[in-house]
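In what follows, a single structure is set out as structure tokens and then discussed.
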Amino acid sequence: MDILQHSLSLEEKLNILADAAKYDVACTSSGSDRRGQKGSLGNAVSSGICHSFASDGRCISLLKILLTNHCIFDCKYCLNRSSNDRVRATFTPEEVCTLVIEFYRRNYIEGLFLSSGVIKSPAYTMELMYQTVYLLRTRYHFNGYIHAKAIPGAPQELVTEMGYLVDRMSVNLELPTTEGLKRLAPHKNPSTLLKPIRQIQQGIAGHRLAIGKDARMERFHDNRLLNGSIFDNNPYQKLQGETSAIPEPRLLPSTGKPAPFVPAGQSTQMIVGASGEHDLHLLTAAQRLYQQYDLKRVFYSAYVPLNEDAALPAPDTPPPLLREHRLYQADWLLRYYGFRAEELLSTEKPDFNLSLDPKCDWALRHLELFPVEVNRASYGELLRVPGIGTKSAGRIIRARQQGSLTFENLKKMRVVLKRAMYFITCSGKMMYRIPIEEGYITRQLTCDNHRETWNAQNPNSYRQLSLFDDFHISTG
């Protein structure tokens, strides 16, 4: 049952609903470039978004709140589930607008991340969220970055209208398997969760086709240089021939041009460690979302045991922060390095080695492919070498046109030689006499990774930037 409070001040509501939002990690402020406009407040240019650090080390830049922590559902992993005794609060649309405008004018924030529990019904909740964002954009002329959640089960019309007002939208899947949802969130239907994701995807595709671009979201590198990229298959190939699948874009009255629809793309979140899924399940689900729904980002959230339940980890179980860290590294390999989930993990090895980053772990299991000669290797082959990233691989490709490269050249190109030296040669020679033997290299790399592992497991060196403690402001 809920602990109801009918006379909460705005500051009290903010304390409750900002704290309730901290377990939702699916928020980033990049990807939108709407510039300032005369008569409007704020902008969404990436370089104009300021950043602070959350208490768990995540980089944040938005006023991050729930519209309400009331919820009609009883997901076992959720702190705001209906069966928990919690102080409940709900912002009015006007109160959210007041907070955003006042904090923005004081230069404390650059945008808004708005999520919500489900109060009364998905339709009612989505209507309140839409009213809030509509007021911000029209009455208050707020032109800054807004990321809003789409509520599964809400009318499609509301999701569409919201998509024309915000920069990014997200729908949290939370768990990667149908079995996990049945066990921990039995009221959630996978098809209901995926329906708004598909709708948002089609809206984005419609806008991009209308302005003469490929229907797929733009990526930060050219995947044509990578053999076997997960983005090789166009998720819109079948949809483009179906006039009913991709809607006609809305035109701006002032210019007649197509109105932007979720220009920063959509994202989702999956919980790590709440149920029995392996890393293989999580990474395979992420790969499928990127391929079939063209998501911009999949976020991973280490489960913090807050509820006592036989189906959940015990309350004293530490959050799997290092496991979350490895999943983020692997996700980066999927999106930018040409790897696939089935290469990194298998049914025989369904979880990542916590002592090594996923690329090193993969390389050690495929020593027959190494060492790689940096003066001849393709861009895709270079990306598979531990210690060589997308930028340094590009530098190598360009620099070797002028002559053969040495290890000293690679060091100046920011190649991480403490990892790369075990897997590369320059003009046929290794940096040192190193045995290409799994046990030896594993021992060396594990020793080098001690500091990174400690930092991932102990992220409390960062303090959350508090709107109250740091700036001594009052909202009463």
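This one's a predicted model, so the numbers in the text were calculated from it and none came from an experiment.
- Asp167 and Arg137 get closest at one heavy-atom pair: OD2-NH2, 3.2 Å.
- Dense packing is recorded around NZ of Lys188, with more than 12 heavy atoms of other residues, nucleotides or ligands lying under 6.0 Å away.
- The backbone N or O of Gly265 lies less than 3.5 Å from no partner atom in the side chain of Arg297, so there is not a single donor-acceptor pair.
- The shortest heavy-atom contact between Pro358 and Arg326 is CG-O, 3.5 Å.
- Between atom SG of residue Cys78 and atom CG of residue Leu306 there is a gap of 9.5 Å, rounded to the nearest 0.5 Å.
- A 4.5 Å side-chain heavy-atom check between Tyr303 and Thr317 finds every atom pair outside the cut-off.
- A 4.5 Å side-chain heavy-atom check between Met162 and Met169 finds at least one atom pair inside the cut-off.
- For the side-chain contact (heavy atoms from CB on, under 4.5 Å) with Tyr293, the lone residue among Val171, Ile200, Ile197 that qualifies is Ile197.
- The closest donor-acceptor contact from the side chain of Glu437 to the backbone of Tyr440 lies under 3.5 Å.
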side-chain hydrogen bond (donor to acceptor under 3.5 Å, both in side chains), that's the test. Do Gln287 and Glu342 meet it? Break it down for me. CA-CA 10 Å; Gln287 179 172 284; Glu342 56 269 24; 3.2 Å; yes
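- Atom-to-atom distance recorded for Met270:CE and Leu289:CG is 6.0 Å, nearest 0.5 angstrom.
- Panel note: side chain Gln329, backbone Asp357; no donor-acceptor pair is recorded below 3.5 Å.
- Checking Thr347, Thr284, Asp351 one by one against His278, the side chain to side chain donor-acceptor pair (under 3.5 Å) holds for a single residue, Asp351.
- In this structure, Ile65 and Val96 have side chains that are in contact, with non-hydrogen atoms separated by less than 4.5 Å.
- In this structure the side chain of Leu17 never reaches within 4.5 angstrom of the side chain of Leu67, judged on heavy atoms.
- Panel note: side chain Gln201, backbone Gln292; a donor-acceptor pair is recorded below 3.5 Å.
- Arg395 contributes a side-chain N or O that, together with a main-chain N or O of Met413, makes up a donor-acceptor pair within less than 3.5 Å.
- Between Trp362 and His366, the ring-plane angle classifies as parallel under the 30° and 60° cut-offs.
- Tyr134 OH: 12 or fewer foreign heavy atoms inside a 6.0 Å radius.
- Residues Leu334 and Phe339 come closest through the heavy atom pair CD2-O, 3.4 Å.
- A side-chain donor-acceptor contact under 3.5 Å links Tyr328 to the backbone of Tyr300.
- Between Glu438 atom CD and Leu367 atom CG the span is 6.0 Å, to the nearest 0.5 Å.
- Closest of all the heavy-atom pairs between Leu344 and Arg365 is O-NH2, 3.0 Å.
- Between Tyr104 and Ile109 the shortest heavy-atom distance is CD1-O, 3.4 Å.
- A donor-acceptor contact shorter than 3.5 Å links the side chain of Tyr290 to the backbone of Val298.
- By the 4.0 Å N-to-carboxylate-O rule, Glu102 lies close enough to Arg105 to be salt-bridged with it.
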Steps toward side chain to side chain contact (heavy atoms under 4.5 Å, CB included) verdict (Ser170, Lys149): CA-CA 5 Å; Ser170 55; Lys149 286 301 175 72; 2.6 Å; yes
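- Separation of atoms NZ (Lys411) and OG (Ser392) is listed at 15.0 Å; rounding is to 0.5 Å.
- Listed by chain and residue number, nothing satisfies the ring-ring contact (aromatic ring centres under 6.0 Å, His included) test with Tyr77 (two or more places apart in sequence, or in another chain).
- In this structure, the side chain of Thr268 engages the main chain of Leu173 through a donor-acceptor pair within 3.5 Å.
- A cation-pi arrangement is absent between Arg168 and Tyr145, since the terminal nitrogen or guanidinium carbon is not both under 6.0 Å from the aromatic centre and inside a 45° cone about the axis.
- Within the 3.5 Å criterion, the main-chain N or O of Ile388 finds no donor-acceptor partner in the side chain of Arg419.
- A distance-only check finds no donor-acceptor pair linking the side chain of Gln269 to the backbone of Ser301 [under 3.5 Å].
- Within the model, atoms CG of Leu252 and NZ of Lys257 stand 9.0 Å from one another, a figure rounded to the nearest 0.5 Å.
- Of all non-hydrogen atoms in Gly111 and Phe142, the two that sit nearest each other are CA-CZ, 4.1 Å.
- Salt bridge Arg250/Glu161: present, at least one basic N to carboxylate O contact under 4.0 Å.
- Leu445 has its side chain within reach of Leu364: a pair of non-hydrogen atoms, C-beta onward, lies under 4.5 Å apart.
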For side chain to side chain contact (heavy atoms under 4.5 Å, CB included), just list the numbers for Gln444 and Met421, CA-CA rounded to whole Å, side-chain angles, deciding distance to a tenth of an Å, and then say yes or no. CA-CA 11 Å; Gln444 301 302 312; Met421 65 180 181; over 6 Å; no
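- The shortest side-chain heavy-atom distance between Pro386 and Phe423 falls under the 4.5 Å cut-off.
- Within the 4.5 Å cutoff, the side chain of Leu354 has heavy atoms near those of the Arg323 side chain.
- Note: Leu136 CG to Asn143 CG = 11.5 Å, rounded to the nearest 0.5 Å.
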Does Leu184 form a side chain to side chain contact (heavy atoms under 4.5 Å, CB included) with Ile271? I'd like the steps, not just the answer. CA-CA 12 Å; Leu184 299 184; Ile271 299 172; over 6 Å; no
Pair Phe370, Val385 - check side chain to side chain contact (heavy atoms under 4.5 Å, CB included), show working. CA-CA 9 Å; Phe370 299 100; Val385 176; 4.1 Å; yes
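- Proximity of Val415 to Ile396: side-chain heavy atoms (C-beta onward) are separated by under 4.5 Å at one or more points.
- Ion pairing between Asp361 and Lys349 holds under the 4.0 Å rule for side-chain N and carboxylate O.
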